[in-house]
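Here's the structure we're looking at; comments come further down.
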Amino acid sequence: MLEINEFKHDLLKWFDENQRQMPWRETKNPYYIWLSEVMLQQTQVNTVRPYYNAFIERFPTIEALSTTNEEDVLKYWEGLGYYSRVRNFHEAVKEVHNKYNGKVPDDPESFQSLKGVGPYTNAAVMSIVHNHPLPAVDGNVLRVWSRLTCNDADIAQPKTKKLFEKELQPFVETKSGDFNQAMMELGATICTPKKPICILCPVQKHCEAFAEGVVSELPVKKKKIKKKTIDYDVLYITNREGQILIRKRDTKLLNGMWEFPMFEQDTSIDAIEDELDSVITIENEPVIQTKHVFTHMTWNMKVYKAYMQKENIKPPYKWMNKNEKDTLSFSTSMTKIFTQMNQLL
DNA sequence: GAAGCGTGGCA
DNA sequence: TTGCCAAGCTT
């Protein structure tokens, strides 16, 4: 079993001397720390950096974010993915504004009750800002800890995470913020998924997997099922004024994002006209064929040019002028289509 | 407890 | 090209 004080000393010394600079490490403002943790969920540091800087510049305070409508906030998340994160964060910040007098709760139970704040984000923010003794167990820590303790439990299972949280509790009684960040930093830079750099590891002498020579076999992670594929016809519909027809999604996937109307490929013209409540002219051959890959599914899309003349469009549909593209939020697949169409036309 | 939820980088 | 991975949460 790991000797707590020696391990912590070695890890924290390394972290103090080697941690990477990040904009959110230059503040203890709980609103900023919280935002960074939400953006960093399932997202790499270098991807987050520009989004974080733009977001806090546009919404520097809880007050500023609370008084902005969702459409404008979503624009600052465009392209970052997992869009429910920003809806939950927006709602949670408004709750802080209204119920907590604009001050982020400093007790873990209140904080984790906010939308989008789970065990990890709670532990991370509460430990970094207030040194609350909570272990922040993310993907990095699951991997690092499975190696340090030479544990071959499936890290994809929730009970493994619970076990690790329990085992790590004694390590976060003091300096929990630095300890949690150091464990994640170690996982991100040294104890990486592939080709970990054990030769540079500050806690190599504490690592049971290294001692056993099985570092490359850990962690054990059950593989996910194969993803589905859906074929879509995407319609790039213009009218006499040169506007483009778009619609706002009301679905779990990409909820609230705008898109060009799209239909599964066996959908009949009649059904499409019924949905659009208008006659429509669609070209016979697609102008673009493209693929968009999500974590859990793939879209194969054929894009057709089409023409439609209809004055009274009702939500979720909308005629968009081309210069409006910069004010509305589109998923990355739609932005790519928009760019390609502009090059063709 | 398992599945759904985005995107970009990398081998 | 394909699959895996990245500071998770919700249902």
Side-chain angles (χ1 to χ4, degrees), chain A residues 15 19-20 22-25 32-52 74 77-89 91-92 111-128 134-145 154-162 165 177-189 191-196 219 221-230 249 251-257 259 291-299 329-336:
Chain A
F15 182 64
Q19 64 173 291
R20 297 168 293 173
M22 302 173 192
W24 46 89
R25 284 184 173 163
Y32 292 166
I33 302 290
W34 179 14
L35 170 67
S36 75
E37 291 300 342
V38 174
M39 285 188 164
L40 286 162
Q41 289 168 11
Q42 302 291 283
T43 312
Q44 296 187 348
V45 167
N46 287 337
T47 303
V48 166
R49 209 181 291 266
Y51 282 90
Y52 172 87
L74 190 56
W77 213 271
E78 185 186 42
L80 195 53
Y82 286 143
Y83 300 98
S84 65
R85 289 185 295 176
V86 69
R87 267 190 306 282
N88 290 336
F89 182 64
E91 184 177 333
F111 186 61
Q112 196 174 324
S113 75
L114 296 167
K115 267 285 178 59
V117 179
Y120 165 77
T121 303
N122 185 35
V125 173
M126 291 295 106
S127 69
I128 292 170
L134 295 169
V137 179
D138 73 332
N140 286 310
V141 176
L142 286 171
R143 178 177 60 258
V144 169
W145 195 246
D154 179 6
I155 64 166
Q157 293 196 344
K159 65 178 181 182
T160 303
K161 187 182 159 190
K162 287 191 176 70
E165 285 171 342
D178 282 349
F179 180 83
N180 284 331
Q181 291 186 83
M183 289 287 282
M184 293 187 276
E185 189 82 355
L186 185 69
T189 61
C191 195
T192 48
K194 296 169 188 172
K195 299 183 182 177
K221 189 174 185 180
K222 194 183 68 179
K223 283 172 183 147
K224 288 179 181 172
I225 56 169
K226 195 174 179 181
K227 64 183 87 174
K228 303 174 196 169
T229 296
I230 306 181
R249 291 178 65 91
T251 51
K252 281 197 272 188
L253 178 63
L254 296 169
N255 193 16
M257 309 296 282
E259 68 183 5
K291 183 168 74 169
H292 190 74
V293 180
F294 298 90
T295 302
H296 60 296
M297 71 169 74
T298 300
W299 287 354
S329 299
F330 289 81
S331 73
T332 295
S333 60
M334 293 298 144
T335 296
K336 285 178 180 170

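Below, chains carry the letters A, B, ... as their sequence lines are ordered, and counting in each starts from 1. Scope of the values below: all heavy atoms of this structure, side chains included, with no hydrogens, waters or symmetry mates. Just so you know, these numbers come straight off a predicted model, no measurement behind them.
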Open item on the list: Show me the pairs that pass salt bridge (charged side-chain N to carboxylate O under 4.0 Å, His left out) and involve residues 113-126 of chain A, at least two apart or across chains.
Closed with: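 Checked against salt bridge (charged side-chain N to carboxylate O under 4.0 Å, His left out) - neighbours excluded - the pairs reaching residues 113-126 of chain A are A:E91-A:K115.
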Please classify the nucleic acid contact of [X] as base, sugar-phosphate, or nothing, using heavy-atom distances under 4.0 Å.
| X | result |
| --- | --- |
| A:R249 | nothing |
| A:L254 | sugar-phosphate |
| A:G187 | nothing |
| A:K291 | sugar-phosphate |
| A:W24 | base |
| A:A188 | sugar-phosphate |
| A:T121 | sugar-phosphate |
| A:K115 | sugar-phosphate |

Which whole number of Å gives the distance between the [atom1] atom of [N] and that of [M]?
| N | M | atom1 | answer |
| --- | --- | --- | --- |
| B:dG1 | C:dT10 | C1' | 13 Å |
| B:dG6 | C:dC5 | C1' | 13 Å |
| B:dA3 | C:dC4 | P | 15 Å |
| B:dG8 | C:dC9 | P | 23 Å |
| C:dT2 | B:dC5 | P | 22 Å |

Could you state the atom-to-atom distance from [atom1] of [X] to [atom2] of [N] in whole Å?
| X | N | atom1 | atom2 | answer |
| --- | --- | --- | --- | --- |
| A:L186 | C:dA6 | CG | C1' | 16 Å |
| A:F89 | C:dT10 | CZ | P | 14 Å |
| A:K161 | C:dG8 | NZ | P | 9 Å |
| A:H292 | B:dG6 | NE2 | P | 9 Å |
| A:R25 | C:dA7 | CZ | P | 12 Å |
| A:M184 | C:dA6 | CE | P | 13 Å |
| A:W299 | B:dG6 | CH2 | C1' | 10 Å |
| A:W77 | B:dC5 | CH2 | P | 18 Å |

TODO: Determine the minimum heavy-atom distance between A:A136 and A:N180, stating which atoms define it.
DONE: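 A:A136 and A:N180 have their closest heavy atoms at N-OD1, 3.1 Å.
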Open item on the list: I'd like to know whether A:K161 forms a side-chain contact (heavy atoms from CB on, under 4.5 Å) with A:I155, so could you lay out the CA-CA distance, the side-chain angles of the two residues, the decisive distance to 0.1 Å, and finally the verdict.
Closed with: CA-CA 7 Å; A:K161 187 182 159 190; A:I155 64 166; over 6 Å; no
- [ ] Indicate yes or no for a side-chain donor-acceptor contact from A:T43 to the backbone of A:Q41 under 3.5 Å, with no hydrogens or angles considered.
- [x]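 Flag set: sc A:T43 to bb A:Q41 pair under 3.5 Å.
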Open item on the list: With the threshold set at under 4.0 Å for non-hydrogen atoms, list the residues of residues 34-43 of chain A touching DNA chain B in residue-number order.
Closed with: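 Under 4.0 Å from DNA chain B: A:Q42, A:T43.
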Open item on the list: Using the ring centroid of each side chain, check whether A:Y82 and A:W77 are separated by less than 6.0 Å.
Closed with: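 Between A:W77 and A:Y82, which both carry aromatic rings, the centre distance is not below 6.0 Å.
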Would you please confirm or rule out a distance under 4.0 Å between OP1 or OP2 of [N] and any side-chain N or O of [X]?
| X | N | result |
| --- | --- | --- |
| A:Y82 | B:dG4 | no |
| A:R85 | B:dG6 | no |
| A:T295 | B:dC5 | no |
| A:H296 | B:dC5 | yes |

Counting side-chain heavy atoms from CB outward, which of [options] is closest to [X]?
| X | options | answer |
| --- | --- | --- |
| A:R143 | C:dC9, B:dA2, C:dA7 | C:dA7 |
| A:M22 | C:dA7, C:dC5, B:dG6 | C:dA7 |
| A:P158 | C:dA7, B:dG1, B:dG6 | B:dG1 |
| A:N88 | B:dG4, C:dT10, C:dA6 | C:dT10 |

Task: Contact nearer the 5' end of DNA chain B, comparing A:T332 with A:Q157 - done: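 Going by which nucleotide is closer to the 5' end, it is A:Q157.
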- [ ] Map A:F294 and A:K194 onto DNA chain B by nearest heavy atom, then report which one ends up closer to the 5' terminus.
- [x]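 Nearest nucleotide further toward 5': that of A:F294.
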TODO: Hey, could you give me the CG/SG distance between A:L186 and A:C191, rounded to the nearest 0.5 Å?
DONE: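 Those atoms lie 5.5 Å apart.
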Task: Residues A:M183, A:N140; criterion side-chain contact (heavy atoms from CB on, under 4.5 Å); working and verdict - done: CA-CA 7 Å; A:M183 289 287 282; A:N140 286 310; over 6 Å; no
Open item on the list: The test is side-chain contact (heavy atoms from CB on, under 4.5 Å); show your working for A:F179 and A:F15 and say whether it passes.
Closed with: CA-CA 9 Å; A:F179 180 83; A:F15 182 64; over 6 Å; no
- [ ] Identify whether the distance between the nearest side-chain nitrogen and carboxylate oxygen of A:R85 and A:E37 falls below 4.0 Å.
- [x]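 Answer for the salt bridge query: no.
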Task: Check against side-chain contact (heavy atoms from CB on, under 4.5 Å), A:F294 and A:L254 - done: CA-CA 11 Å; A:F294 298 90; A:L254 296 169; 4.1 Å; yes
Open item on the list: By nearest heavy atom, map A:R20 and A:G116 onto DNA chain C; which one lands nearer the 5' end?
Closed with: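 Its nearest nucleotide being more 5', the pick is A:R20.
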